[in-house]
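So the structure is just underneath, and the comments pick up after that.
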Amino acid sequence: MSQMNFPTFKYIGRKRRVKEDRRFVMGKGRFVADIVPAGTLHVALVASPHPAARIVRIDVKAAEALPGVVKAFAGADIKADMNSMQHGVDAPNIDWRPLAVDRVRYAGEWVCAVVATSRAIAEDAAELVVVDYETTPFVIDPEEAYRPGSALVHPAHGSNILFEREFVWGPVADDFARADAVERYQVYWGRSSTVPIETFGVTARWNPGDETLDVWASVQMPKYQEQIAGALRLPANAVRVHFDVDVGGSYGVKRGLKQAVLTGSLARKLSRPVRLIEDRLDNMTGGDAHGPDRRFDVELAYANDGRVLSMKLRALDDCGCYPGRSPLQLGKPVGAIVGPYTIGSVAYHAISVATNKTSQVAVRGFGQAPTNYALETGIDRIARKLGIDPVEMRLRNLIPSNAFPYRIPSGSDYDSGDYQTVVKLALEKASYASLIAERDRLRSEGRIAGIGMITCLEPGGGNSAFEPLFNPKNDTTTWMEGCTVKVDLSGAIVCLMGTTTAGQGHESLVSLVVGETLEREPDGIRVIRSDSMSAVPSNSPVASRMAIMLGGAATKAAEIIRDKLIAIAAHNLGAEPSALAYADGDVSVADDPSRRMTWSELVTIAHRKFHLLPPGMDPGLQATNVMEVPLGGTLPTADGVVQMYPCYAFETHIALVEIDGETGKTTIRDYTIGHDCGVVINPDIVRGMIFGGVAHGIGAALMEEFAYDAASGQLLAGSFMDYVMPSAHETPTVKLVEYCTPSPHTSHGQKGAGEAGYLGAPACIACAVNDALAPLGKAAMQLPMRPSALEALIADARGLT
Amino acid sequence: MTEHAIALTINGTLYRATVEPRLSLVDFIRDVAGLTGTHVGCEHGVCGACTVTVDGAAVRGCLMFAVQAEGLAVETVEGLTEANGALSPLQDAFIEAHAMQCGYCTPGMLLSARELLADNPDPTEAEIRDAIAGNLCRCTGYGQIVEAIQLAAARLRQGAPA
Ligand code: FES
Ligand code: FES
């Protein structure tokens, strides 16, 4: 991958092996299931078969009689030991427990935990637990859940609405009045998720000697230790979450709060380590790891030249049973509500409702990918109506490159970009003209082929401003990240980060920016993921933020060390710091390079020779920085205007697809991406993020859905045989062109890349499918676009139904 | 449940144990032999995270019982690294191309790739995709995995020791 317009660095942006990879190819990763403290007990779960019911009786006698079983616990047995877990929206009466108490609220909800000396025995015993239920009314359809009179998921909450607000940013009514036409449509983003190959797992050990709880978890969750401690009524300095666990994929979903609260409470009760490693069925049904499930009603007001003036967007999201932070996934899109376009005003009606389904959790992009899909669908519909080429349609609406920083109606400033150039480069890379010729050739043979071309943004480095935006009782205005850098007596460098890592390459990131700053070889820098007691604050790798925030904090900590080395040299060389030059760790007088001190001399002084330190300087060579999000720190205005993200990466996707007229199966014949995430720190990592995001997006567009049977309330996908994810067959080779507009707000000009690919692929494929269906007079308005659905549309168009 | 005494080799080391007949091979490898490089993703034969080779053929460790491996030679990811700690060309190519992110699918992916290259030293991209289509990777989108296998194949053809 060659990046165009790229500033030059010593280490950053160059081909370099990723630090983490060696342990994985050796089979020496350390995943949660690999960590088994002595005496560990195992949990198996009994799950509710009903979408809603009263629990009448739980009989665990037969289960507990099985040899090897230690004890079986129902929700009522552990309730007294804990508080309800906390939600991210204002819903104080929604009691949230790891095991259901009195009532079950979705099919698959965990009712009873059986603890035994092995998982196999625990599973045998779980089958012997008898639960009597009295079923109650339930609701599966979110529009029905939203209407007055619906069955209530949480009667104590008083309604099924978890969050609802109507925002109006800018002169919406005026813009609609002056528009030439309005395009109205509905689209539906189906209930899919990230579904890592490793399920969630956690082991908790209570240490009675010092009254602390050790937690090893496959987790990616901000403020995990505080949330566990709060639920278990422990001081947070009694919970040690170990961050040196390798997480087998997350992309948002590895939250695992109820799992940690459950195992933590059982470990404390039994004074034994207790672990819960979800099997795939546990994970898909009761693991509370589904993603956004969203219906959009959109109105786009436009001029006859194709310019979109204003947008009205109603988004109804089906959150499933317990809200947690999930309704906030309607909040991230506020920070990029107009995408990369000059749309001047927006009305946004965001609604999150509870239904009797497995709970939703954060998914890659935190709600941005569905919103991008909804907007891009409309841009194409207008283009088709006006007879404008989809590329030309985007070019007429893209924010011009001389308009940055660009303030969008909802209050965020976009930092930098040159969208037109990225589009141009991508069109060249895709050979767009020959792609059109190929589509038309296929069509001339009677085949069903289409091209999708979309543009979208990846907001990165979020300051969590959607928390106060969505909950007036929450006045959070920082989403800080910290890093410590230490140079030891030998001159070796160790960096400490305070969160787990799930494949994003954080160790490589930190070693590269620290190596760049101190001009020391990155491969020799060790990066440690410490634990929640020894680490400085972190908010975990959410919101495409680690290159920006962890990279920024590590850079600043390294700069403090560099300044200290320069100060030591200045003192010993009798020169002003400003007269010195720093190179590769050595410091010399700029005008007289013969007067110099080496890295090792300076490090030795810091560690051993107090008499050579400048007066007042502390010994040692270590520094910590905790960084506030650039542009963050302010609360939203009363009408919901706020700066949300410091950085905005841009991407454009171009795809050629063909749909089999007999089976309805979509095949991707060609795929190109143009991408700009500012300065790329490690090119192989960014490439991988994009490719992986595209594959994930293909799944969301064409294959993956946690479908429910509305009549019975049962989840229809509980295995990889009915939740089908893309394999190497369904995933194309992606052509990629990288461009660079540095962010002015970050240490090296970087922006976020963790959600790349995924934010645009579903929209692109949907646009391509609809281009293919357009000659048949059909449109597919629902994801996933399964073969059965497309086949039905095609058959209908051909008069075969 | 009647237990059975079995003996099998893993990466050349003989393991003897008395196990329940329902114990899967991957659970034997992880829990009895203590080799945690082989992973579990679904336990129903779809994801391929548990892929090992048995007498040279790639199999899913979750779809085979340990008792069925009696007397057979199993190889896992730990067996790819030389006794002196050197990485095989395939492992090295996976690092060179950054053919992973979280590393969870990687051991299974490596064993499927090794089986392919043992049979077909010069595979096409389509043949590579075919060979790894039974191994799901949620992180990479497969692009860099395909590149890594192409790179390993080229290096092996040029005479790197297998
Ligand atoms: S764990 Fe064996 S195929 Fe998934
Ligand atoms: S590297 Fe994470 S699943 Fe493949």
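Just so it is clear, the values below take in all heavy atoms, side chains as well, and ignore hydrogens, waters and symmetry mates. Bear in mind that the values here come from a model prediction, so they are computed numbers and not experimental data.
For a residue to count as touching a neighbouring chain, one of its non-hydrogen atoms must lie under 4.5 Å from one of that chain's; by this rule Thr106(B) touches chain A with the side chain only. In this structure, the portion of Leu110(B) lying under 4.5 Å from any heavy atom of chain A is its side chain and not its backbone. With a 4.5 Å cut-off on non-hydrogen atoms, Tyr142(B) touches chain A through its side chain but not through its backbone. The contact between Leu87(B) and chain A is made entirely by side chain atoms (from C-beta outward), counting heavy-atom distances below 4.5 Å. Residue Asn135(B): no heavy atom, backbone or side chain, is found under 4.5 Å from chain A. The contact between Val40(B) and chain A is made entirely by backbone atoms, counting heavy-atom distances below 4.5 Å. With a 4.5 angstrom heavy-atom cutoff, Ala131(B) does not touch chain A via any of its atoms.
Take Asp119(B) and apply the salt bridge (charged side-chain N to carboxylate O under 4.0 Å, His left out) test, not counting sequence neighbours, and it matches no residue. For Arg529(A), the salt bridge (charged side-chain N to carboxylate O under 4.0 Å, His left out) partners are Asp246(A), Glu507(A), not counting sequence neighbours.
Residue with the most contacts toward chain A among Gln101(B), His44(B), Arg138(B): Arg138(B) (heavy-atom pairs, distance under 4.5 Å). For the set Gly699(A), Ala120(A), Ser118(A), Gly693(A), the entry with the most heavy-atom pairs within less than 4.5 Å of chain B is Ala120(A). Ranked by heavy-atom pairs under 4.5 Å with chain A, the first of Gly37(B), Cys102(B), Pro107(B), Cys42(B) is Cys102(B). In terms of heavy-atom pairs under 4.5 Å with chain A, the best-connected choice from Leu23(B), Thr38(B), Asp92(B) is Asp92(B). Ranked by non-hydrogen atom pairs under 4.5 Å with chain A, the options Cys47(B), Cys105(B), Ala97(B), Cys139(B) are led by Cys139(B). By number of non-hydrogen pairs under 4.5 angstrom with chain B, the leading residue of Lys15(A), Lys28(A), Gln504(A) is Lys15(A).
Using non-hydrogen atoms only and a strict 4.5 Å limit, the part of residues 19-26 of chain A facing chain B consists of Asp21(A), Arg22(A), Phe24(A), Val25(A), Met26(A). Interface with chain A: from residues 48-80 of chain B, residues Ala49(B), Val77(B), Glu78(B) qualify, criterion being any non-hydrogen pair under 4.5 Å.
A salt bridge does not link Asp27(B) with Arg30(B): every distance from a Lys NZ or Arg NE/NH1/NH2 to an Asp or Glu carboxylate oxygen is 4.0 Å or more. Taking 4.0 Å as the cut-off between side-chain N and carboxylate O, Arg119(A) and Asp282(A) count as a salt-bridged pair.
Looking at Glu198(A) and Ser218(A), their side chains do bring a donor and an acceptor atom within 3.5 Å of each other. At a cut-off of 3.5 Å, with distance as the only test, a side-chain donor of His729(A) or Asp130(B) sits close to an acceptor on the other residue. Using modelled atom types and a 3.5 Å distance limit, the side chains of Glu43(B) and Ser24(B) yield no donor-acceptor pair. For Ser250(A) and Gln220(A), the side-chain atoms include at least one donor-acceptor pair closer than 3.5 Å.
Proximity of Phe720(A) to Met284(A): side-chain heavy atoms (C-beta onward) are separated by under 4.5 Å at one or more points.
The aromatic rings of Tyr104(B) and His39(B) lie parallel to each other, with less than 30° between the two planes, well short of the 60° mark.
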